[in-house]
Amino acid sequence: MNIFKRLLRIGQAEIHSAVDRMEDPIRMTEQGIREMREDLDKALQAYAQVKAMAIRTGNDRTKKESEAQDYGNKAVLLLTKAQKGELEMSQAEKLAREALTLKDNLLTEVEALGKQLVTHETAADDIQKNVDILKFNITKWENELKTLKSRVKVSRATKEVNKQMAQIDSNSTIGMLERMKEKVEEEEALAKAYGDMAKRTKSVDDEINKAIGDATGNVNRELNEIKMKLGLISD
């Protein structure tokens with residue numbers, strides 16, 4: 001059945017050789033499991049056939065044992081009849097001898113059938129062990145296959161995410177964001193500069209108004225003094 005060769009091939013597919021040749025380890029594992037299931041079916045058929053042979057051999061052995069015992073009983077019965085005078089002794093001995101000969105032949109067959117029975121039962125036990133090994137390995141590799149499929153899904157999903165991230169970086173989206181950030185900072189700095197300029201302009205206006213306000217006061221005083229001298233206004 002080449003079970004171990006197939007297990008080795010599946011194991012190699014899972015590690016390095018299949019990956020290096022760009023083969024699909026999942027497909028190879030599934031193929032290996034299918035082959036093991038075919039071997040399992042063949043092993044079960046062989047087990048059924050050998051077990052049936054063992055059963056038939058056992059039945060034949062039991063039947064011939066019974067027939068041998070029956071011939072032995074018949075030989076005793078023949079001699080008993082001769083002893084009672086119901087049958088001629090010579091005839092009884094002749095028939096009894098034939099019956100015992102048939103008994104011995106049957107016992108020889110019984111012995112041979114016993115050996116065949118042991119052979120069949122041993123073969124059936126060996127096949128049963130192989131069946132158990134196949135079932136165990138099939139279950140094991142089916143579980144491994146489930147794990148492998150899950151890993152493939154995760155790896156593909158991770159690859160897609162990483163691919164998207166790589167594309168984002170390659171498209172300079174991060175750089176664009178950085179430039180936008182710099183632009184915003186420039187705009188904020190410019191706005192602050194205009195604000196400072198506005199404050200400075202307001203301060204200059206205040207100084208001018210203050211200065212103008214003082215000059216107007218002097219002019220008004222001089223005008224009042226002139227009016228007083230002309231008598232236009234009184235003190």
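Taking CG of Asp104 as the start and CD of Glu109 as the end, the distance is 11.5 Å to the nearest 0.5 Å. Remark: Lys153 NZ to Thr158 OG1 distance equals 13.5 Å, nearest 0.5 Å. The distance from the CD1 atom of Ile55 to the NE2 atom of His120 is 11.5 Å, given to the nearest 0.5 Å. Atom-to-atom distance recorded for Lys64:NZ and Asn105:CG is 10.0 Å, nearest 0.5 angstrom. Atoms CG and CE, from Leu78 and Met89 in turn, are 10.5 Å apart once rounded to the nearest 0.5 Å. Atom CG of Asn59 sits about 11.5 Å away from atom CZ of Arg61, to the nearest 0.5 Å.
Closest approach of Glu93 and Leu79 over heavy atoms only: CG-CD2, 4.0 Å. Of all the heavy atoms in Glu121 and Ala54, the pair that sits closest is CG-CB, 4.2 Å. In this structure, Leu117 and Gly58 approach most closely via the heavy-atom pair CD1-N, 4.0 Å. Listed here is the closest heavy atom pair of Leu106 and Ala68: CD1-N, 3.5 Å.
With contacts defined as side-chain heavy-atom distances shorter than 4.5 Å, the pair Tyr71/Leu100 does not qualify. Two residues are said to be in side-chain contact when any heavy atoms from C-beta on lie closer than 4.5 Å; Glu30 and Ile33 fail this criterion. The shortest distance between side-chain heavy atoms of Gln31 and Arg27 does not fall below 4.5 Å.
Clustering ILVMFWY residues whenever any of their side-chain heavy atoms sit less than 4.5 angstrom apart, transitively, puts Val131 in a cluster other than the one holding Met53. With hydrophobic clusters built from ILVMFWY side chains whose heavy atoms lie under 4.5 angstrom apart, Leu44 shares a cluster with Ile127. In this structure, Ile138 is a member of the same hydrophobic cluster as Tyr47, with clusters built from ILVMFWY side-chain heavy atoms closer than 4.5 Å. The same ILVMFWY cluster, assembled from side-chain heavy atoms under 4.5 Å apart, contains both Met36 and Leu148. Taken together through direct or relayed side-chain contacts under 4.5 Å among Ile, Leu, Val, Met, Phe, Trp and Tyr, Val50 and Leu40 form part of one hydrophobic cluster.
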Going through the checks in order, is the side chain to side chain donor-acceptor pair (under 3.5 Å) test met by Glu65 and Gln69?
-> CA-CA 6 Å; Glu65 281 180 337; Gln69 185 177 2; over 6 Å; no

Start with the C-alpha distance between Gln128 and Asp132, add both sets of side-chain angles, then the distance that settles side chain to side chain donor-acceptor pair (under 3.5 Å), and finish with yes or no.
-> CA-CA 6 Å; Gln128 181 63 55; Asp132 292 339; 3.1 Å; yes

CA sep, side-chain torsions, deciding dist, call: Leu95, Glu98, side chain to side chain contact (heavy atoms under 4.5 Å, CB included) | CA-CA 5 Å; Leu95 294 174; Glu98 291 178 356; 4.0 Å; yes

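By the neighbour-count criterion of 12 heavy atoms within 6.0 Å, atom CZ of Arg151 is sparsely surrounded, having that number or fewer from other residues, nucleotides or ligands.
Note on Lys149 versus Glu144: no salt bridge recorded, every NZ/NE/NH1/NH2 to OD/OE distance being 4.0 Å or above. Note on Asp41 versus Arg37: no salt bridge recorded, every NZ/NE/NH1/NH2 to OD/OE distance being 4.0 Å or above. Using a 4.0 Å cut-off between charged side-chain N and carboxylate O, Lys42 and Glu38 make no salt bridge.
Thr139 contributes a side-chain N or O that, together with a main-chain N or O of Lys135, makes up a donor-acceptor pair within less than 3.5 Å.
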